[in-house]
Protein chains: 2
Amino acid sequence: KTKRIAIYGKGGIGKSTIVSNIAAAYSQDHNVLVIGCDPKADTTRTLYGNRLPTVLNVLKEKRQATVDDVVFEGYNQVMCVESGGPEPGVGCAGRGVIVAMNLLEKLEVFSEDLDVIIYDVLGDVVCGGFAVPLREDFADEVYIVTSGEYMALYAANNICKGIKKLKGNLGGIICNCKGIENEEEIVRQFAQQVESKVIGVIPRSELVQKSEIEAKTVLEKFPESKQAEFYRKLADDVFHNEEFTVPHPMDIEEFEEFFRG
Amino acid sequence: KTKRIAIYGKGGIGKSTIVSNIAAAYSQDHNVLVIGCDPKADTTRTLYGNRLPTVLNVLKEKRQATVDDVVFEGYNQVMCVESGGPEPGVGCAGRGVIVAMNLLEKLEVFSEDLDVIIYDVLGDVVCGGFAVPLREDFADEVYIVTSGEYMALYAANNICKGIKKLKGNLGGIICNCKGIENEEEIVRQFAQQVESKVIGVIPRSELVQKSEIEAKTVLEKFPESKQAEFYRKLADDVFHNEEFTVPHPMDIEEFEEFFRG
Ligand SMILES: Nc1ncnc2c1ncn2[C@@H]1O[C@H](COP(=O)(O)OP(=O)(O)O)[C@@H](O)[C@H]1O
Ligand SMILES: Nc1ncnc2c1ncn2[C@@H]1O[C@H](COP(=O)(O)OP(=O)(O)O)[C@@H](O)[C@H]1O
Ligand code: SF4
Ligand SMILES: [Mg+2]
Ligand SMILES: [Mg+2]
């Protein structure tokens, strides 16, 4: 059975870095499809080596798009798709996700022999197209990327509200460290408060920038590094995870209290 | 003529801090109305001393809301409103802004004897309700808050796309420093690239946290400080600004080039 995972988190928190590196880890032994659902359209850059044409942009040029117009093969045969977003100020920012999901369904991309599908989804607002991987039959498990910072945890709590509303399954919280004091403990307490768990901790590392500059993942550029090992471990723990919860988000007073305490 | 200003920027960049402090600066000699258009609903906390009831939440309880249900007087008689946002996963995150604008119009709040109206608007996505202060007859001038970081400038460039699309007037870029190397220069070059200017630079300061913890602005808690002076200067430069441009946003390749260069 295909493992269908959605990764959510505040913009800039590190979703694409984590998604591309765990996809690279899975690619050793599995058929993987990565679908970028962030208007930034840069989830797959380090897997493909370049920015992909987005589904939205392809459909502006071609009325009948084929699989080869929107699905591209990257590192170790990871399949890559970027939804894209409309021009700012023109309709719903999440429209690209809706259009991409419909097209991939129509082109029967989802019925391929895939072991893992990973959605990388903008989490600053949980609405419109950005709620689609949660609400419709696209992803079975959700993981939230956060750091110990207020803004990241606020967004994580908001995403928990969305998951609960849309009856999704929260598999766990991924701590992508920013170097905050006591960061791992703060994130563990947050996970406990929302009735989930920390499924992985990824340290801050220069190797991320060094590989990113060459449009590569850490796994490709520095396969022997400790950082690559952290991503492999996370990939493994997510793959074998069987504990899911409906999160118990904090209301605003509880959240402020939690952060001050 | 009432000065009607919208402040946009990436979530967490410092909009509310800047909006509340320049409102406090204006309050000396002017009638000011501050309208929070961020689902976080915390723009006015340091002006009122507490979190305000949001328009959306008030309308859940009362079908006929009055001015006193949604407009609250804070520091130095600054009038405060919070739009609020719907529960994540339930409809458009910008719905609170639309509902609040309609209610304030109906209650004739805008026809009051106001010198300055300031909108604090989420800028991670420029769509739905978040585009309303740009597209409809609510604000005449837009200012974008950014730092020297990639994510903040990416969002600023996106907001420029929205302003251009919706034919808004960009008054300038406000640099809220994060302590990045060469930050002011990076932001000046960005402003030049999009055919705008830097209208103010606000240093990073502990006084922000120290006053925020007491739900006060820097102007209220530390009126004699250098930081308060920076906010007063910005308020002054914005108030007297008469140069507006339709921004010239960068496309994605130009933006990547700009940031690498
Ligand atoms: N563990 C890490 N260590 C160092 N830098 C990181 C790490 N994770 C992410 N980054 C950096 O943070 C920035 C944002 O990461 P990204 O994955 O693009 O975020 P998102 O997809 O959530 O917007 C990138 O420039 C990336 O290089
Ligand atoms: N100039 C500054 N110096 C230090 N901290 C700041 C400064 N401006 C903002 N902050 C901090 O950054 C955080 C986010 O600021 P805020 O104004 O709430 O952002 P936004 O309204 O854009 O989401 C706040 O915790 C605030 O204390
Ligand atoms: S639903 Fe969300 S993404 Fe769509 S227009 Fe509204 S705020 Fe924007
Ligand atoms: Mg990303
Ligand atoms: Mg704010």
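Note on naming: letters A, B, ... go to the chains in the order of the sequence lines (proteins, then strands), and numbering restarts at 1 for each one. The basis for the numbers below is simple: all heavy atoms, side chains too, and nothing from hydrogens, waters or symmetry mates.
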- Note on the structure: Heavy atoms of B/G91 and A/C127 approach each other most closely as O-CB, 3.3 Å

- Message: So for A/I163, is it side chain, backbone, both, or neither that comes closer than 4.5 Å to the heavy atoms of chain B?
- Response: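 It is neither, since no heavy atom gets under 4.5 Å.
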
- Per-residue contact mode, A/P249 against chain B (heavy atom under 4.5 angstrom): neither

- Message: Please classify the contact of B/I252 with chain A as side chain, backbone, both or neither, using a heavy-atom distance under 4.5 Å.
- Response: side chain

Just by distance, which donor-acceptor pairs between chain A and chain B come in under 3.5 Å?
unit_1 : atom_1 : unit_2 : atom_2 : d
A/K10  : NZ     : B/G11  : O      : 3.2
A/G11  : O      : B/K10  : NZ     : 3.2
A/G89  : N      : B/V126 : O      : 2.8
A/G89  : O      : B/R135 : NH2    : 3.3
A/V126 : O      : B/G89  : N      : 2.8
A/R135 : NH2    : B/G89  : O      : 3.3

